[in-house]
Trainee: 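Would you mind keeping the following structure in view while I ask a few things?
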There are 2 protein chains.
Amino acid sequence: MRIGDLATASGLTAKTIRFYEQAGLLPEPPRTTGGYRDYDGDAAGRLAFIRDAQGAGLTLAEIRSILALRDDGESPCGHVTALIGQHLADIERRLTELRTTRAALRELAQRASQTDPDTCGSNGICTILSPH
Amino acid sequence: MRIGDLATASGLTAKTIRFYEQAGLLPEPPRTTGGYRDYDGDAAGRLAFIRDAQGAGLTLAEIRSILALRDDGESPCGHVTALIGQHLADIERRLTELRTTRAALRELAQRASQTDPDTCGSNGICTILSPH
DNA sequence: CTAGACCTTCCAGTGCACTGGAAGGTCAAG
DNA sequence: CTTGACCTTCCAGTGCACTGGAAGGTCTAG
C-alpha cells in the first residue's frame, strides 16, 4: 500500500502522514525497490487511533507518549486514564473561561446597541469597549 | 515617559510595547536626544484599550482595524458592533464543541474505569480510546 | 517514447502573540 | 571614571499541527 492509498483510506493527506512519521507517531515503513513507502494494514489502524485520540482532545505529543508506551510492550491504560482526566479538567476550565467571556461580550453588545456613533469616539477611542 | 515606565504603568513588558508598535497598534512615539522612545499620556490609554479589546476576545488584527478606523477620524462603532457579534457567535460555536468533547471524554473515562490493563492492549493499541 | 500521476527529499512558511538573546548605546549616581 | 540600570536594533525562536513548493525520481498507459 503506497502513501497515497493510505491517505485516501485514512482521510489524511500524504503530507500529513509523512509529518506523523517524522514526528515519531508512525514507524518508518519498508520501501519498495523504487523507494516508495510500503504500508501494511496496521498503519491504517494506527492512524485511526491517532484520529480518535485527537478527537478526544489529546495533543500529538500525548498521543506519541501513549504509542511509545504501547510500542515498548507496556499497557498505556493508566497513562491514558490520567490524560483523559487532565483533559476533562482542562475542558472545564475553558468552558468557564468562555462563559465569562461570553457574559462580557453580551454586555458589550448591549452597550453597543445604545451607543450613538456621533458622540461615541469624541474623547476616547471607543466607548463601547473602553467606557472609562 | 520612557518605555519602561509605560510598561510598568500598563502591566506589559517593554518588549510587548515595541512589538505592538511594530505591529501597527501603536504609533511611533517621538524620541529623546538619546534615541529613547518618549511617550505621552495617550499611550497608556491606547494600551488600556488594547487590553480591554483583547479581554473581549478580539485578535490584535481586529484591534488594529478598529484603531485604524478611529485614527482616520471615522467612528469605529459599527465595526466594533459587528466584531462583537462575530465573536459571540464564535464563542457559542466553541462552547458547543467543548461540550461535545466533554461528553466524549466522560464516556472514555467511564470506559477506562472498567478496563483491565492486562487484557486491554492485547490486540489493538488501546481499547479505551479505540474500541473497534 | 512520452505524458502524467504519483512518489521522494528538503526547506520554509502559516497564524497568533509574543519572548529571548546578542551586541551595543545612554544616563544618573557614587 | 566606573558601575549598573535602562534603552536601542536586529534576528530568531516558541508551540501546535500541519501546509506549500521546488527539484527531481518512478511507474503505468497509450
Side-chain angles (χ1 to χ4, degrees), chain A residues 1-26 28-39 43 46-67 83 86-87 90-91 94 97-98 101, chain B residues 1-26 28-39 43 46-67 83 86-87 90-91 94 97-98 101:
Chain A
M1 195 184 209
R2 287 185 310 177
I3 198 168
D5 303 325
L6 183 59
T8 306
S10 64
L12 300 169
T13 67
K15 276 272 188 205
T16 301
I17 293 171
R18 279 188 215 104
F19 169 75
Y20 283 173
E21 177 183 324
Q22 184 257 305
L25 291 158
L26 281 184
E28 291 187 23
R31 301 289 181 126
T32 64
T33 50
Y36 290 4
R37 286 174 179 80
D38 189 21
Y39 293 98
R46 201 162 170 118
L47 288 177
F49 170 76
I50 294 172
R51 181 176 34 68
D52 291 345
Q54 264 194 311
L58 305 199
T59 65
L60 291 189
E62 289 167 335
I63 297 168
R64 178 170 48 231
S65 71
I66 296 171
L67 289 169
L83 287 174
Q86 279 168 34
H87 277 269
D90 195 51
I91 282 175
R94 280 159 61 201
E97 261 177 36
L98 277 182
T101 304
Chain B
M1 196 184 207
R2 288 185 310 178
I3 199 168
D5 304 324
L6 184 59
T8 306
S10 63
L12 300 169
T13 67
K15 276 272 188 203
T16 301
I17 293 172
R18 279 189 214 103
F19 169 75
Y20 283 173
E21 178 184 324
Q22 184 257 304
L25 291 158
L26 281 183
E28 291 187 22
R31 301 291 182 124
T32 65
T33 50
Y36 290 5
R37 286 173 179 81
D38 189 20
Y39 293 97
R46 202 163 169 117
L47 288 176
F49 170 75
I50 294 172
R51 181 176 33 68
D52 291 344
Q54 263 194 310
L58 305 199
T59 65
L60 291 189
E62 288 167 335
I63 297 168
R64 179 170 47 231
S65 71
I66 295 171
L67 289 169
L83 286 174
Q86 279 168 33
H87 277 268
D90 196 51
I91 282 175
R94 280 159 60 201
E97 260 176 38
L98 276 182
T101 304

Trainee: Whole Å only: how far is the CG atom of B:Leu12 from the P atom of C:dC18?
Mentor: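 From B:Leu12 CG to C:dC18 P: 8 Å.
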Trainee: Over how many whole Å does the gap from A:Glu62 atom CD to D:dG15 atom P extend?
Mentor: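 A:Glu62 atom CD is separated from D:dG15 atom P by 14 Å.
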Trainee: Do A:Arg46 and A:Leu67 come close enough that some side-chain heavy atom pair is under 4.5 Å?
Mentor: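 Yes, their side chains come closer than 4.5 Å.
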Trainee: Would you kindly check whether a donor in the side chain of B:Tyr36 faces an acceptor in the base of D:dT8, or vice versa, at under 3.5 angstrom?
Mentor: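 For B:Tyr36, whose side chain was compared with the base of D:dT8, there is no donor-acceptor pair (under 3.5 Å).
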Trainee: Do A:Tyr39 and A:Leu47 come close enough that some side-chain heavy atom pair is under 4.5 Å?
Mentor: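 No, side chains not in contact.
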Trainee: Considering only side-chain heavy atoms of A:Thr33, which listed nucleotide, D:dC27, C:dA17, D:dC18, is closest?
Mentor: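 So the side chain of A:Thr33 is nearest to D:dC27.
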Trainee: Under 4.0 Å between a side-chain N/O of A:Thr13 and OP1 or OP2 of D:dC18, yes or no?
Mentor: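 No, no such contact exists.
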Trainee: Does any N or O in the side chain of B:Arg64 come within less than 3.5 Å of the main-chain N or O of B:Ala23, such that one atom is a donor and the other an acceptor?
Mentor: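 Confirmed, B:Arg64 side chain pairs with B:Ala23 backbone.
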Trainee: Please give, in whole Å, the distance from D:dG13 P to B:Lys15 NZ?
Mentor: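 The answer, rounded to whole Å, is 14 Å.
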Trainee: How many Å lie between CZ on A:Arg31 and P on C:dC6, as a whole number?
Mentor: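 Going from A:Arg31 (CZ) to C:dC6 (P), I get 19 Å.
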Trainee: So, OP1 or OP2 of C:dT8: does either fall under 4.0 Å of a side-chain N or O from A:Arg37?
Mentor: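 For A:Arg37, the contact criterion (side-chain N or O under 4.0 Å from OP1 or OP2 of C:dT8) is met.
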Trainee: Looking only at side-chain N and O atoms, does B:Gln54 come under 4.0 Å of OP1 or OP2 in C:dC18?
Mentor: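 True: B:Gln54 side-chain N/O within range (under 4.0 Å) of C:dC18 OP1/OP2.
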Trainee: If I take atom CD1 in residue B:Ile17 and atom C1' in nucleotide D:dT9, what distance separates them, rounded to the nearest angstrom?
Mentor: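 So the CD1-C1' distance, B:Ile17 to D:dT9, works out to 17 Å.
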Trainee: Calculate the interatomic distance between A:Glu21 atom CD and C:dC7 atom P; express it in whole Å.
Mentor: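 Rounded to the whole Å, the gap is 14 Å.
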Trainee: Could you check how far CD of A:Gln22 sits from P of C:dC10, rounded to whole Å?
Mentor: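 Result: 11 Å.
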Trainee: Of the options C:dC18, D:dT19, D:dC7, whose atoms approach the side-chain atoms of B:Ile3 most closely?
Mentor: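 Taking heavy atoms from C-beta onward, the closest nucleotide is D:dC7.
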Trainee: Between A:Tyr20 and D:dC18, does any side-chain N or O lie under 4.0 Å from OP1 or OP2?
Mentor: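 The answer is yes; a side-chain N or O of A:Tyr20 sits under 4.0 Å from OP1 or OP2.
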Trainee: Would you confirm whether A:Asp38, through its side chain, and A:Arg31, through its main-chain N or O, come within 3.5 Å as a donor-acceptor pair?
Mentor: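 A pair under 3.5 Å: no.
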Trainee: Quick one: closest heavy-atom pair of A:Leu25 and A:Leu60, and the distance?
Mentor: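 Closest heavy-atom pair between A:Leu25 and A:Leu60: CD2-O, 3.7 Å.
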Trainee: To the nearest angstrom, how far is A:Arg18 atom CZ from C:dT9 atom P?
Mentor: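 A:Arg18 atom CZ is separated from C:dT9 atom P by 7 Å.
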Trainee: Establish, with yes or no, whether the OP1 or OP2 oxygen of C:dT26 is under 4.0 angstrom from a side-chain nitrogen or oxygen of B:Thr32.
Mentor: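 Answer is no, no contact under 4.0 Å.
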